[in-house]
Amino acid sequence: MKAKIVLLPGDGIGPEVVYATVSILEALAKAGNHTFEFDEQLIGGCSIDRYGTALTQEALAACQAADAVLLGAVGGPKWDDPSARVRPEQGLLGLRKGLGVFANLRPVKVYPRLVDASPLRPEKLAGVDLVVVRELTGGLYFGQPKGREQRPEGERAVDTLEYYDYEIRRIVEMAFTLARGRRKKVTSVDKANVLESSRLWRQVANEVHAGYPDVALEHVLVDTAAMRLVSNPAGFDVMVTENMFGDILTDEAAVLAGSMGLLPSASLGSQGPGLYEPIHGSAPDIAGKGIANPMGTALSAALLLRYSLKLEKEAAALERAVERSIEAGQLTGDVGGRLDTRQVTQAIIDHLSL
Ligand code: IPM
Ligand code: MG
């Protein structure tokens with residue numbers, strides 16, 4: 001097959017992990033007789049430096065015209081001033097909205113070899129295999145009104161948590177569909193004891209559930225969900241939730257795996273290219289040192305192969321190769337290893353077998 005993939009390396013360690021992953025994809029393309037065409041664009045701080053905006057119209061258009069988009073990370077201390085008018089994160093939010101990728105899938109798996117890298121006791125981690133389906137283009141991140149104003153009483157800031165029923169329905173449907181291919185359990189996370197938007201969320205989740213009688217549905221309040229993620233994480237299969245709740249819970253869930261450096265994500269819409277990125281940030285403290293963990297991005301590329309290119313065999317081969325590297329202790333420092341990015345990348349390539 002022939003596929004066009006836009007690369008958005010971004011800032012910090014972003015370029016290191018994206019280029020590492022490109023070499024893995026090239027090895028896979030060769031083995032599977034595919035042609036992947038890569039087009040590189042700027043996003044985040046590097047785009048601000050060059051163009052004064054975190055994502056240009058041209059870069060977004062290139063992404064929209066691609067089969068899939070692979071992103072590294074955005075942001076860093078250089079662009080961190082909270083009062084700045086242009087911020088790297090605007091690029092990411094603009095990209096998600098511009099691609100219409102309303103569903104952010106963040107799978108969390110615990111690899112037996114790495115249980116010691118997690119702060120949780122090993123017995124808590126046995127059997128952890130969950131995926132958070134985070135709503136990505138609505139909710140508190142995008143609701144209107146949003147902004148600041150001077151009033152007689154003082155300066156006022158407002159963000160709005162807003163959802164239409166159709167936005168909830170499509171993300172909850174995605175969660176149920178995913179659960180069908182897994183352990184058939186959906187946990188819908190909300191704050192229905194306080195928020196009106198959560199009461200609508202719960203109502204729509206129940207309506208959608210009627211079409212999936214073979215899948216179990218439970219409703220859990222977000223504070224309880226945060227607690228259960230560390231007290232009984234193996235009890236979750238598919239969690240589905242609002243944008244901001246999902247942002248917070250997925251960082252918490254990442255701790256289960258031992259390192260943020262391991263976790264991939266896929267952002268999907270109902271059509272058009274998917275967006276794939278590791279869930280870690282730009283890690284400015286280690287940027288440029290060549291020691292970043294490429295596995296989160298490599299596993300994101302596996303999701304890209306699976307969901308956007310429908311290359312299941314290649315996706316599974318890549319996941320297997322990462323797993324073999326982990327089992328063989330071919331690891332970067334964040335997960336207790338001694339190898340650098342290049343060596344781990346080579347190890348993954350060596351373990352590839354279609
Ligand atoms: C994430 C990140 C982003 C978010 C930031 C960088 C805007 O934390 O992808 O989880 O909040 O969505
Ligand atoms: Mg986050």
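When a ligand or atom number is given, it counts from 1 through the structure's own listing order.
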Whether [Y] and [X] form a salt bridge (side-chain N of Lys/Arg under 4.0 Å from carboxylate O of Asp/Glu) is what I want to check.
{"X": "Lys109", "Y": "Glu319", "result": "no"}
{"X": "Glu162", "Y": "Lys146", "result": "no"}
{"X": "Arg324", "Y": "Asp350", "result": "no"}

Query - Residue pairs involving residues 63-83 (criterion side chain to side chain donor-acceptor pair (under 3.5 Å); sequence neighbours excluded) - result: Asp49-Lys78, Asp49-Trp79, Asp81-Ser83
Report summary line: Applied to residues 5-27, the side chain to side chain donor-acceptor pair (under 3.5 Å) test, sequence neighbours excluded, yields Tyr19-Glu40
Query raised in the report: Please walk me through it: do Leu331 and Ile326 pass side chain to side chain contact (heavy atoms under 4.5 Å, CB included)?
Result: CA-CA 6 Å; Leu331 303 163; Ile326 292 173; 4.0 Å; yes
Query raised in the report: Can you name the nearest heavy-atom pair linking Pro88 to Ala54, along with the distance?
Result: O-CB, 3.7 Å
Query - Protein N, O or S atoms lying under 2.8 Å from the Mg ion (ligand 2), listed by chain and number - result: Asp247 OD1
Report task. Determine, stepwise, if the pair Gln144 / Thr160 fulfils side chain to side chain donor-acceptor pair (under 3.5 Å). Result -> CA-CA 6 Å; Gln144 294 294 335; Thr160 303; over 6 Å; no
Query raised in the report: Are any of the side-chain heavy atoms of Asn104 and Thr250 separated by less than 4.5 Å?
Result: no
Query raised in the report: With hydrogens left out, which residues have an atom under 4.0 Å from ligand 1, given that only heavy atoms count?
Result: Glu89, Leu92, Arg96, Arg106, Arg134, Tyr141, Asp247
